[in-house]
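Data block below; observations after.
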Amino acid sequence: MKKTTSKSSSPLKIYCDIFGHNYEMTKKVTSHVKEYTCKCCKRQLTTNGNGKLTELTPKYQEINAILADIYSRRMSRLKNKSLSSSIY
Ligand SMILES: [Zn+2]
């Protein structure tokens, strides 16, 4: 008799189904948009344009990368502005 043990569903995923996901913030894209990863099953979520959580698809990863770029540029500009005004 040959028996193969298939890893179709991990016990961690079942845990998430019962107790809910254990999300942890993994990345701050902007002050409003963040990325979360479940510590158990590694499922990833992000904040979408409506401020709601949605699955982090490659499309959203792309959007977030652009948002992060704009955000960091804006922040550095604000920093420069306050710096020059303090000198003045
Ligand atoms: Zn999970």
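Starting from 1, each residue takes its place in the sequence as its number. Just so you know, ligand 1 is whichever comes first in the structure, and atom 1 is the first atom listed for that ligand. What you are looking at is a predicted structure, and each value in this text was computed from that prediction instead of being measured.
Thr37 OG1 to Glu24 CD: the interatomic distance, rounded to the nearest 0.5 Å, is 7.5 Å.
Tyr36 and Val29 are assigned to two separate hydrophobic clusters, defined by single-linkage of ILVMFWY side chains at heavy-atom distances under 4.5 Å. Follow the hydrophobic side-chain contacts under 4.5 Å out from Met25 and you reach Leu53 in the same cluster.
Of the candidates Thr47, Leu67, Asn64, Thr30 forms a side-chain contact (heavy atoms from CB on, under 4.5 Å) with just one, namely Leu67.
Applying the side chain to side chain contact (heavy atoms under 4.5 Å, CB included) rule to Arg43 yields the partners His21, Tyr23, Cys38, Cys41, Leu45, Glu55; only residues at least two apart in sequence or on another chain are considered.
Among protein atoms, those of element N, O or S found less than 2.8 Å away from the Zn ion (ligand 1) are Cys16 SG, His21 ND1, Cys38 SG, Cys41 SG.
One N or O on the side chain of Asn48 and one on the backbone of Asn50 form a donor-acceptor pair closer than 3.5 Å.
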